[in-house]
J.: 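A single structure is presented below for examination.
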Amino acid sequence: MDSRGVESADHARSFGGNRGLEDPQARWKDDHGDADPLLVESLASGDPNQVMHVLRTGRLFIALARSTIQPDIEEKTAEMAVVCMTASDGRLGLLGFTSVDSLTRWNPHARPVPITGMDAAVAALDESAQALLIDIAGPHPYTITLPDLVHLSGVDQRARAVPLLREALAGVGVESHIEAPGSSGPVQITVPAAQVDTISALLVGRSDIHAYTPEGISLVVSDGAS
């Protein structure tokens, strides 16, 4: 991720889903903002399994900053937005911090908001981010990539793949029916037999779609196709 994209007006986005980040959070009332030693140790180790294990129950801070989309707005009414970093290829990464100190080293004007690692993953996905970037200013920067974000969220994310699939298939003129039946299992794409190879080739390079569908994608030949 390219630090040139940090806290740009175009890239600071309101937290989705009305999840109430600024509501009182009783679980954090005794939290003084220090880093969790277990989380710091796991980040220092670089062991992804250990990091994921600690993050499932651990606490992070995400950063809220005043949106600069409307520069003339009064400070007291300015919208606060979750801050993302933008890579040179346009992908977003949500910023997460192990402590208030690590956040203020990056930006002393940002507002720290405590959040569980699992909720941070959901927040990143709600922001259409493809990574969670932890402690980018050190001491142990670490990136949670999209497949691990989906896993860490603990939520069925297949619905995020459906519009991406529709857009991709429409772009190559493929007519299809796409659904994510039940609460688990592969996403199903129903297509004529003549288009199966086209879809298979298209999906090879779509790591984002595969990340949202950890149980796979099933191509179903429509009735009557030859």
Side-chain angles (χ1 to χ4, degrees), residues 1-36 39-40 43 51 54-87 90-146 148-150 152-155 157 160:
M1 292 291 174
D2 189 336
S3 62
R4 291 173 297 179
V6 172
E7 225 265 288
S8 163
D10 291 334
H11 307 133
R13 305 183 176 202
S14 297
F15 186 75
N18 296 319
R19 297 174 65 86
L21 282 179
E22 297 182 77
D23 294 339
Q25 298 180 358
R27 67 184 302 174
W28 311 118
K29 64 183 177 66
D30 297 322
D31 191 323
H32 300 293
D34 298 328
D36 179 348
L39 180 55
V40 172
L43 295 174
V51 172
V54 176
L55 280 178
R56 285 190 183 95
T57 55
R59 181 267 290 139
L60 289 172
F61 290 95
I62 58 175
L64 292 185
R66 179 175 176 266
S67 174
T68 56
I69 295 174
Q70 296 177 288
D72 295 331
I73 195 168
E74 294 185 12
E75 179 70 29
K76 64 181 180 180
T77 59
E79 179 183 358
M80 300 299 289
V82 173
V83 182
C84 290
M85 177 181 284
T86 304
R91 291 179 301 160
L92 290 177
L94 181 72
L95 302 186
F97 302 88
T98 56
S99 68
V100 171
D101 284 344
S102 64
L103 186 151
T104 54
R105 279 199 301 271
W106 165 74
N107 183 345
H109 303 294
R111 179 186 301 175
V113 178
I115 189 170
T116 67
M118 292 181 69
D119 283 344
V122 174
L125 296 172
D126 284 348
E127 292 298 310
S128 299
Q130 297 207 0
L132 173 62
L133 309 176
I134 301 176
D135 282 354
I136 60 170
H140 305 293
Y142 194 91
T143 299
I144 306 292
T145 59
L146 185 57
D148 282 340
L149 277 180
V150 171
L152 182 59
S153 75
V155 178
Q157 302 292 346
R160 299 182 189 274

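Bear in mind that the values here come from a model prediction, so they are computed numbers and not experimental data.
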J.: Do Val155 and Leu125 have side chains that get closer than 4.5 Å, going by heavy atoms?
T.: no
J.: Between atom CE of Met118 and atom OG1 of Thr57, what is the distance when rounded to the nearest 0.5 Å?
T.: 9.5 Å
J.: Which heavy-atom pair separates Leu146 from Ala129 by the least distance, and what is that distance?
T.: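 Smallest interatomic distance, heavy atoms only, reads CD1-O, 4.1 Å.
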J.: Sequence neighbours left out, what passes side chain to side chain contact (heavy atoms under 4.5 Å, CB included) with Thr143? Give chain and number order.
T.: Ala131, Leu133, Thr145
J.: Give, for atom CD1 of Ile115 and atom CZ of Arg59, the distance between the pair rounded to the nearest 0.5 Å.
T.: 11.5 Å
J.: Can you tell if the side chain of Thr116 reaches within under 4.5 Å of the side chain of Leu60, non-hydrogen atoms only?
T.: no
J.: Just to verify, what does Arg56 make a side-chain hydrogen bond (donor to acceptor under 3.5 Å, both in side chains) with, not counting sequence neighbours?
T.: His151
J.: As an exercise, state the distance from CD1 of Ile62 to CG of Leu94, rounded to the nearest 0.5 Å.
T.: 6.0 Å
J.: Using the rule given for side chain to side chain contact (heavy atoms under 4.5 Å, CB included), can you reason through Val51 versus Ile144, listing the C-alpha separation, both sets of side-chain angles and the distance that settles it, and then say yes or no?
T.: CA-CA 9 Å; Val51 172; Ile144 306 292; 3.9 Å; yes
J.: Using the ring-ring contact (aromatic ring centres under 6.0 Å, His included) criterion, which residues pair with Phe61? Sequence neighbours excluded.
T.: none
J.: State which residues pass side chain to side chain contact (heavy atoms under 4.5 Å, CB included) with Ser99; sequence neighbours excluded, sorted by chain then number.
T.: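 If we apply the side chain to side chain contact (heavy atoms under 4.5 Å, CB included) test to Ser99, skipping adjacent residues, the hits are Ala35, Asp101, Ser102.
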J.: Does the side chain of Val83 come within less than 4.5 Å of Trp106's, by heavy atoms?
T.: yes
J.: Within this structure, what is the CG-CG distance for the pair Leu55 and Leu39, rounded to the nearest 0.5 Å?
T.: 5.5 Å
J.: Can you tell if the side chain of Leu132 reaches within under 4.5 Å of the side chain of Asp148, non-hydrogen atoms only?
T.: no
J.: For Pro139, which residues count as a side chain to side chain contact (heavy atoms under 4.5 Å, CB included) partner, sequence neighbours excluded?
T.: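 Pro139: side chain to side chain contact (heavy atoms under 4.5 Å, CB included) contacts with Arg105, Asp135.
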J.: Just to verify, what does Arg160 make a side-chain hydrogen bond (donor to acceptor under 3.5 Å, both in side chains) with, not counting sequence neighbours?
T.: Asp126, Gln157
